[in-house]
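To keep things clear, I will list the structure first and then write my remarks on it.
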Amino acid sequence: MPLIKPRTRGKHLVKHRTRLDHENNETLYAYAQFLGESTEYVLNQVIDTVLARDKEFIKWRESHQGSYVPRAKDRPRRTKVSARRSHADAAASGEPAHSASLTT
C-alpha cells in the first residue's frame, strides 16, 4: 500500500524551482509514476506527511504563523550575466549547471 494516497481534491499551487540530487529526482519520478500522479503532487504530499510528524516544528509553527516565503523584492534577481557566471562557477566547482524543475 502506498504511503501517499492519490489526489482527492485540488489545491492552489504556486511555482517553485529547485535542484534535487540525481537519486532523489529518479525516485520522485518513479513514485509519481507508481501513483499515477504528478511530481508536484508527490512533493506536496511528502512535505505534508513528513513535516506533520515533526512535533517540535508543529509547536514552533503555532507561535510563528507568518509567511516565510521571501517576497519578490527580497530575492536577488538573476540577470543573463549572473546566470552565465553561475554556470561558470558551477563548472569550476564540478557541480552540474542545470537545475531540476518541479513542473511537469
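Nothing here was measured: the structure is a model prediction, and the numbers come from that model.
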Taking all non-hydrogen atoms of both residues into account, name the closest pair between Leu28 and Leu43 and its distance.
-> CD1-CG, 3.8 Å

Between CD of Glu40 and NE2 of His16, what distance do you get to the nearest 0.5 Å?
-> 12.0 Å

Would you say the side-chain atoms of Asn24 pair up with the backbone N or O of Leu20, donor to acceptor, closer than 3.5 Å?
-> no

Where is the tightest heavy-atom contact between Val42 and Ala32, given as atom of each residue plus distance?
-> CG2-CA, 3.7 Å

Considering all heavy atoms of both residues, which atom of Phe57 and which atom of Leu51 are nearest to each other, and what is their separation?
-> CD2-O, 4.3 Å

What pairs of residues pass the salt bridge (Lys or Arg N to Asp or Glu O under 4.0 Å) test when at least one of them lies in residues 42-68, not counting sequence neighbours?
-> Lys11-Asp48

Only counting residues at least two apart or in another chain, list the ones meeting side chain to side chain contact (heavy atoms under 4.5 Å, CB included) with His64.
-> Trp60, Tyr68

